[in-house]
Amino acid sequence: MSTETLVEKPAKISSLREGVASGATTATELAQHYYARIEAHNPALNVYLALSQEQALEQAGAVDLAAAKGDPLGPLAGIPVGVKDVLTMQGVAATAGSRILEGYEPPYDATSVARLKAAGAVILGKINCDEFAMGSSNENSAYGPVRNPHDLERVPGGSSGGSAAAVAANLAVATLGTDTGGSIRQPASFCGVVGVLPTYGRVSRFGLIAFASSLDRVGPFAGNVRDAATLLEVISGADERDATSSRRPVPAFAAESDKGVRGLHIGIPEEYFGAGLDPEVREAIEDGIAALETAGCIIKRISLKHTRYAIPTYYLVATAEASANLARFDGVRYGHRSAQATNLSSMYKLSREEGFGAEVKRRILLGTYALSAGYYDAYYKKAQQVRRLLAEEFVGAFAGVDAIVTPTAPTAAFKLGEKTDDPLAMYLADIYTVTASLAGICGVTVPCGTTKAGLPVGMQVLGPHFGEAMAFRVARAVERAQMY
Ligand code: GLN
């Protein structure tokens, strides 16, 4: 293990905001402090793809002015945050980690980004990720891999690896990422931070560059559960520009997370503790479960039998939707256009050939195949049926328990290059996260011990549809047991 570590825990949002409100510090000073940290450490970590310094300092100045006048401040007033580069931010280059979008400057903010700004957050810049959020290690970014602050020879996880690494190295107090099959939970676990998969429909997808629309979710990363809950509260809620966003009222997640866990029923599904689970990860999670029991939870062993179908189902649904979503990148409307093209058809072909990386091409091919005439019923339709069964199985399980606890990933962070030659091994590592994605339920990953080598282990706490408050409560209890 490399001895160099860049880990630094961000200060809590409540104390930073209090400092800005009282005048003990200013949002401008905070932003400048973070830009200095980024300048010092980004070369080693490769987290930020673009900095939005001008906008950030303007926003910070507005917060400082409001604080000086005694005006009411938003819940994230002056808090420096970063945003995964699959979300649009007006006037700042958006790449989705791909060459094909090179030079694209979106003319609008994603709803989640607009809501962060409205809450007073200072957005520092756009953060590296796997190309179009396809991957589990951040090695599929066209702009080079992000490195894990705990060990620079290891991956931060993916696809929101940069968003996780940014919080772990305190290059942002909190960040936004996206999760289609685990892309918030797995990197949060690998980097020792908190990550949230909101229920499908909880957070607007407007302004999210789509990978698989029926699975894609936007969610926060933070250094502790309460801060993650605060961010989710800000970005959640109905949006007329996303027809799949829910009109359900948004609970006060941060306050809810303070409630204790005594008497809660926690389900432990046996299928998540079988072959392939690293013994050190298992041990850390079992210690976490014991801590929940000590805190007054009632532990119940349960079974989720359809789990073994989740990986093939996910990789059919996700690739099929990706092949349709990525058809829009054709060199006509935005991004890269091949200079070699001689006619319209070669312009399409060459622009896509030059613009997309290997993993994205693999997925477009897989997805197009799964949707093609003659194969549709055998693959895509069958996958949709299995998906329904998986979702129903979770609904059944939540009739008997308040939350379900599992490891977030079967191993701690692996080495850069370790799985790049074997896409199947990379896909199989998503085993514990793709189930909740397919079922549409929510989850929180919270640090839960380390391996002997000092690498973080994450515990996944799953809640039912729109049960984020419950997942936060349980995650909070695990966090307390770690004595954060
Ligand atoms: N690792 C999974 C994949 O490669 C999940 C990615 C994601 O959640 N965006 O598809």
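This one's a predicted model, so the numbers in the text were calculated from it and none came from an experiment. As the structure lists them, so they are numbered: ligands from 1, and atoms in each ligand from 1. Because only heavy atoms are used, hydrogens play no part in the values below, and waters and symmetry mates are left out as well, while side chains stay in.
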request  = Find the distance between CG (L326) and CZ (R363) and round it off to the nearest 0.5 Å.
outcome  = 10.5 Å

Where ligand 1 meets G135 - atom numbers and elements under 4.0 angstrom, heavy-atom basis = 1 (N), 2 (C), 3 (C), 4 (O), 6 (C)

Closest contact, heavy atoms only, K9 versus N170 = O-ND2, 4.2 Å

remark   = For A133, the ligand 1 atoms with a heavy-atom partner under 4.0 Å come out as 6 (C), 7 (C), 9 (N)

note = dist D330:CG -> S351:OG (nearest 0.5 Å) comes out at 8.0 Å

query = Which atoms of ligand 1 are found less than 4.0 Å from any heavy atom of R363?
reply = 3 (C), 4 (O), 10 (O)

ask   = If you look at every heavy atom in G177 and S160, which pair is closest and at what distance?
value = CA-OG, 3.8 Å

query = Would you say the side chain of P407 lies within less than 4.5 Å of the side chain of V457, judging by non-hydrogen atoms?
reply = no

query = Taking the six-membered ring for Trp, are the ring centroids of F132 and F211 within less than 6.0 Å of each other?
reply = no

ask   = Against heavy atoms of S159, which atoms of ligand 1 measure under 4.0 Å?
value = 9 (N)

key: Closest protein heavy atom to atom 5 (C) of ligand 1, given as residue, atom name and distance to 0.1 Å   = Y314 OH, 3.3 Å

message = Taking 4.0 angstrom as the limit and counting only heavy atoms of F211, give me the atoms of ligand 1 inside it, by number and element.
response = 9 (N), 10 (O)

message = Checking the N or O distance criterion of under 3.5 Å, is ligand 1 in contact with T180?
response = yes

note = Here the gap from K381 atom NZ to L316 atom CG, rounded to the nearest 0.5 Å, amounts to 14.5 Å

ask   = Could an N or O of ligand 1 be found under 3.5 Å from any N or O of G182, whether backbone or side chain?
value = yes

For atom 1 (N) of ligand 1, closest protein heavy-atom neighbour = S136 OG, 2.7 Å

ask   = Looking at atom 7 (C) of ligand 1, what's its closest protein heavy atom, distance included?
value = S183 OG, 2.3 Å

note = Paired with Y314, the side chain to side chain contact (heavy atoms under 4.5 Å, CB included) test is passed by just one of I431, L215, T435, namely L215

inquiry  = Geometry only, no angles: is G181 polar-contacting ligand 1 at N/O separations under 3.5 Å?
reply    = yes

A318 heavy atom under 4.0 Å from ligand 1 = no

ask   = Would you say ligand 1 has an N or O under 3.5 Å from any N or O of T178?
value = no

task = Identify the residue among L232, V194, V446 that makes a side chain to side chain contact (heavy atoms under 4.5 Å, CB included) with F472.
result = L232

key: Side-chain donor-acceptor pair present, Q460, T406, cut-off under 3.5 Å   = yes

query = Where on D430 is there a heavy atom closer than 4.0 Å to ligand 1, on the side chain, on the backbone, on both, or on neither?
reply = side chain

request  = For ligand 1, find out whether one of its N or O atoms is nearer than 3.5 Å to an N or O atom of M134.
outcome  = no

query = How does Y427 reach ligand 1, by side chain, by backbone, by both or by neither, if only non-hydrogen atoms under 4.0 Å count?
reply = neither

